[in-house]
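Since the structure comes first, as structure tokens, the remarks are kept for the end.
Heavy-atom basis, side chains included; hydrogens, waters and symmetry copies ignored.
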Amino acid sequence: LKKEYKDDIDIYLGLETEYYPKHFEQLIRFLEPFQIEYMILGQHYTNNQYDGVYAFTKNHTETDFITYVNQTIAGINTGYFSYVAHPDVFYFPPKTEVYQKNMEKLCMVAKEKGLPLEFNLSGFMSGHWYPERKFLEIAKDVGNEIIFGVDAHQKHAFMHAQNIIDSAEKLVEEIGLKITDKIKLLDGRIV
């Protein structure tokens, strides 16, 4: 498709993946033949999934949340990722000092590394707890850029996308965040 449509559109090969510390080097070696051009950090578990805690529950401990944040930061620090998908997907009560302190830390590292943070349109349209307004306010205060992501697990996720984007843009504008549509590829190019 890249060759067939080279004169019409730019197509980049990318994927969303977890940062599992025990298996990350093996993942990178596995992906080499596929010539992946960008990777999105989409952390859903702590540790290595089979020995970790899943993001989509609401009974996380403070230790679980801190582990999630630190692991996401470790993933950012690998230098392999173009942006952080749904950085606020791991549920923890947002109106706590622990949330504020740790999410500030995550946002600061992402900003230092030049990685945008995703505003997850799927979570937004589904009424999930993410994107979390408190997280977005922290990202605004730190000076992070936001990138819209659809999280398209099914093709119908693109239906009515413009209406959802319009609503999301209003919220992002109200909070005062900057939106970007640029990412850094693994070869260093900005697209």
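Taken to the nearest 0.5 Å, the CZ atom of F124 stands 5.5 Å off from the CG atom of L171. Atom CZ of residue F119 and atom CG of residue L121 lie 6.5 Å apart, to the nearest 0.5 angstrom. Here the OH-CZ distance, from Y91 to F56, works out to 14.0 Å after rounding to the nearest 0.5 Å. Note that CD of Q49 is 13.5 Å distant from NZ of K22, once rounded to the nearest 0.5 Å. I138 contributes atom CD1, which lies 9.5 Å from atom CG of N102 (distance to the nearest 0.5 angstrom). A distance of 8.0 Å separates CG in L177 from NZ in K140, rounded to the nearest 0.5 Å.
Hydrophobic clustering keeps Y38 apart from F148 (ILVMFWY residues linked when any side-chain heavy atoms are closer than 4.5 Å, directly or through intermediates). In terms of hydrophobic clustering, with Ile, Leu, Val, Met, Phe, Trp and Tyr side chains grouped at heavy-atom distances under 4.5 Å, I147 and L136 are assigned to different clusters. Residues L185 and I36 do not share a hydrophobic cluster, defined by chaining ILVMFWY side chains whose heavy atoms lie under 4.5 Å apart. Hydrophobic clustering (side-chain heavy atoms under 4.5 Å, transitive across Ile, Leu, Val, Met, Phe, Trp, Tyr) keeps I183 apart from L115.
For an aromatic pair to be called close, the ring centres must be under 6.0 Å apart, and F92 with Y68 fails this.
Within the 4.5 Å cutoff, the side chain of S82 has no heavy atoms near those of the I40 side chain. Counting heavy atoms from C-beta on, the side chains of Y12 and L186 never come closer than 4.5 Å. By the 4.5 Å heavy-atom criterion applied to side chains, H44 and H86 are counted as neighbours. At least one side-chain heavy atom of L31 sits less than 4.5 Å from a side-chain heavy atom of L15. Within the 4.5 Å cutoff, no side-chain heavy atoms of V191 are placed close to those of D10. A 4.5 Å side-chain heavy-atom check between C107 and L117 finds at least one atom pair inside the cut-off. A 4.5 Å side-chain heavy-atom check between Y20 and L27 finds every atom pair outside the cut-off. Taking 4.5 Å as the limit, every side-chain heavy atom of I76 sits out of range of all side-chain heavy atoms of E112.
With a 6.0 Å radius and a threshold of 12 heavy atoms from other residues, nucleotides or ligands, Y50 has its OH atom above the threshold. Annotation for L1: atom CG does not count as buried by contact number, only 12 or fewer foreign heavy atoms lying within 6.0 Å.
Across V142 and E104, no two heavy atoms sit closer than the pair CG2-O, 4.3 Å. When all heavy atoms of E132 and K134 are compared, the closest pair comes out as OE2-N, 2.9 Å. Residues D187 and R189 approach most closely at OD2-NE, 2.8 Å, considering heavy atoms. The two atoms that bring G123 and P131 nearest to each other are C-CD, 4.0 Å, heavy atoms only. Shortest non-hydrogen contact noted between V69 and M103 is CG2-SD, 4.3 Å. Annotation for Q43 and Y19: closest pair OE1-N, 2.9 Å, computed over non-hydrogen atoms.
Under 3.5 Å, the side chains of K105 and N70 contain a donor-acceptor pair of N or O atoms. Residues T67 and D64 have side chains that never bring a donor and an acceptor to within less than 3.5 angstrom of each other.
Between E174 and K170 no salt bridge is recorded (no basic side-chain N to carboxylate O distance below 4.0 Å).
Between Y130 and H128, the ring planes lie parallel to each other; the angle is under 30°, not in the 30° to 60° tilted range. Ring-plane geometry between H60 and F90 is classed as parallel, the angle between the planes falling under 30 degrees on a 0 to 90 degree scale with a further cut at 60.
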Q: Test I28 against M39 for side-chain contact (heavy atoms from CB on, under 4.5 Å), laying out the working first.
A: CA-CA 10 Å; I28 296 304; M39 292 171 48; 3.9 Å; yes

Q | Worked verdict on Y80 versus F24 for ring pair (Phe, Tyr, Trp, His ring centres under 6.0 Å) | A | CA-CA 10 Å; Y80 278 95; F24 194 68; 5.5 Å; yes

Q.
Under the criterion side-chain contact (heavy atoms from CB on, under 4.5 Å), I'd like the reasoning laid out for N120 against V89: C-alpha separation, chi angles, the key distance, then a yes or no.
A. CA-CA 9 Å; N120 189 278; V89 73; over 6 Å; no

Q | side-chain contact (heavy atoms from CB on, under 4.5 Å) evaluation trace for I190 with K184 | A | CA-CA 4 Å; I190 306 289; K184 186 177 182 179; 3.7 Å; yes

Q | Candidate pair F81 and K113, rule side-chain contact (heavy atoms from CB on, under 4.5 Å), full reasoning | A | CA-CA 10 Å; F81 296 100; K113 299 294 183 182; over 6 Å; no

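E37 contributes a side-chain N or O that, together with a main-chain N or O of L13, makes up a donor-acceptor pair within less than 3.5 Å. Between the K2 side chain and the I11 main chain, a donor and an acceptor come within less than 3.5 Å of each other. Here the side chain of S167 pairs a donor or acceptor atom with the backbone of N163 at under 3.5 angstrom. The main-chain N or O of N47 is found under 3.5 Å from a side-chain atom of Q71 such that the two form a donor-acceptor pair.
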